[in-house]
Amino acid sequence: MSNPYRAGLAFAVLALLSGCALIPPEPVVTGPLTAPPPQRMPPPSPNGSIYQPTVYGDYPLFEDRRPRNVGDIVTIIIQEKTNASKNVDTSTDKTGSASLTLDAVPDFLPDSINSSQNLKAAGGNQMEGKGSSSADNTFTGTITTTVIGVLPNGNLQIAGQKQIAINRGSEYVRFSGVVDPRSITGSNTVLSTQVADARMEYRSKGTMDEVQTMGWLQRFFLNISPF
């Protein structure tokens with residue numbers, strides 16, 4: 001096989017590998033997104049008691065029905081707003097000079113060195129730099145999650161997702177974090193700003209996602225470009 005054909009074949013292989021090397025975005029919310037199915041509970045013993053501790057989802061007689069067990073429902077009200085800005089302005093200026101004047105020359109020096117040969121030197125250094133950055137993000141909405149775990153101190157590990165398919169595209173919202181049961185309202189809702197280790201993810205699949213994806217040939221030249 002001649003060199004031009006080999007070069008063409010190598011180019012085609014590299015382009016194919018570059019096109020297949022599309023790395024999907026790393027997920028933010030990891031781990032289970034829903035509670036495991038409950039185990040089959042034994043039937044209550046017929047002892048005439050109103051409170052049966054063996055019944056799944058049992059609650060104390062004089063307490064509300066706030067979530068406290070695995071599988072309970074918690075609605076998250078997402079109200080995230082971040083605003084940050086930073087400005088940098090740097091300026092430096094430095095100058096220096098030196099001079100040497102020969103008013104009198106000793107006799108033992110050569111005649112080429114006389115009082116007219118003066119030495120002068122000067123230098124300067126100046127630098128100026130400016131930079132600024134800003135970010136403004138808003139994320140609002142609601143998502144209902146389930147309790148996937150209960151920590152020893154009583155805090156609840158929650159996670160959930162919501163998927164919506166419209167025509168040929170789909171969108172999904174995922175959420176996970178740790179909630180203090182005391183911050184949950186009587187309607188089983190809690191603000192996202194009161195969730196510890198909160199992880200929120202909003203992604204889309206379909207036409208809108210493909211529009212934001214770089215083409216395979218452009219990715220190939222971007223990978224081999226030294227600049």
- Inter-residue atom distance L151.CG - L156.CG, 0.5 Å rounding: 8.0 Å
- Task: Measure the spacing between CD1 of I158 and OG1 of T34 and express it to the nearest 0.5 Å.
- Result: 12.5 Å
- Message: Would you say that T142 contacts Q79 through its side chain, given a criterion of any heavy-atom pair below 4.5 Å between the two side chains?
- Response: no
- Salt-bridge criterion met for R199 and E201 (N-O under 4.0 Å): no
- How far apart are the closest heavy atoms of P67 and P181, and which atoms are they? O-CB, 4.5 Å
- Closest non-hydrogen atom pair between K130 and D89, with its separation: CG-OD1, 3.5 Å
- Query: Is it the case that more than 12 heavy atoms not belonging to D197 sit under 6.0 Å from its CG atom?
  - Reply: no
- Query: Should Q157 and T146 be marked as a side-chain contact (heavy atoms from CB on, under 4.5 Å) after you check the CA-CA gap, both sets of side-chain angles, and the distance that decides it?
  - Reply: CA-CA 8 Å; Q157 293 178 316; T146 56; over 6 Å; no
- Shortest non-hydrogen contact from N188 toward I184: CA-CG2, 3.7 Å
- Considering non-hydrogen atoms only, spot the tightest contact between V195 and G177 and give its length. CG1-CA, 3.7 Å
- Message: List the residues meeting side chain to side chain donor-acceptor pair (under 3.5 Å) with Q161, not counting sequence neighbours, and say none if there are none.
- Response: Q163, R174
- Message: Atom NZ of residue position K86 - does it have more than 12 heavy atoms of other residues, nucleotides or ligands inside 6.0 Å?
- Response: no
- Task: Could you check F139 against V173 for side-chain contact (heavy atoms from CB on, under 4.5 Å), going step by step and ending with a plain yes or no?
- Result: CA-CA 11 Å; F139 188 10; V173 182; 4.2 Å; yes
- Query: What distance do T185 atom OG1 and Q194 atom CD have between them, rounded to the nearest 0.5 Å?
  - Reply: 9.5 Å
- Taking all non-hydrogen atoms of both residues into account, name the closest pair between V150 and R68 and its distance. CG2-O, 3.6 Å
- Query: Is there a side-chain contact between V147 and V74, using heavy atoms and a 4.5 Å cut-off?
  - Reply: yes
- Which atom names give the shortest non-hydrogen contact between V29 and S176, and what distance separates them? CG1-OG, 3.7 Å
- Output the distance between atom CD1 (I143) and atom CD1 (I78), rounded to the nearest 0.5 Å. 6.0 Å
- Tell me, yes or no, whether the heavy-atom count around Y202 atom OH, taken from other residues, nucleotides or ligands under 6.0 Å, exceeds 12. no
- Task: For side-chain contact (heavy atoms from CB on, under 4.5 Å), just list the numbers for Y172 and K162, CA-CA rounded to whole Å, side-chain angles, deciding distance to a tenth of an Å, and then say yes or no.
- Result: CA-CA 5 Å; Y172 65 87; K162 179 190 298 185; over 6 Å; no
- Task: Starting at CG of D72, measure out to CD1 of I148 and round the result to the nearest 0.5 Å.
- Result: 13.0 Å
- Using a distance-only test with no angle check, is there a side-chain donor-acceptor pair under 3.5 angstrom linking E171 and S204? no
- Query: Do L33 and V190 belong to the same hydrophobic cluster, where Ile, Leu, Val, Met, Phe, Trp and Tyr are linked whenever their side-chain heavy atoms lie under 4.5 Å apart, directly or via other members?
  - Reply: no
- Item | Pairwise distance OG1(T140) to CD(E80) - rounded to 0.5 angstrom | 10.5 Å
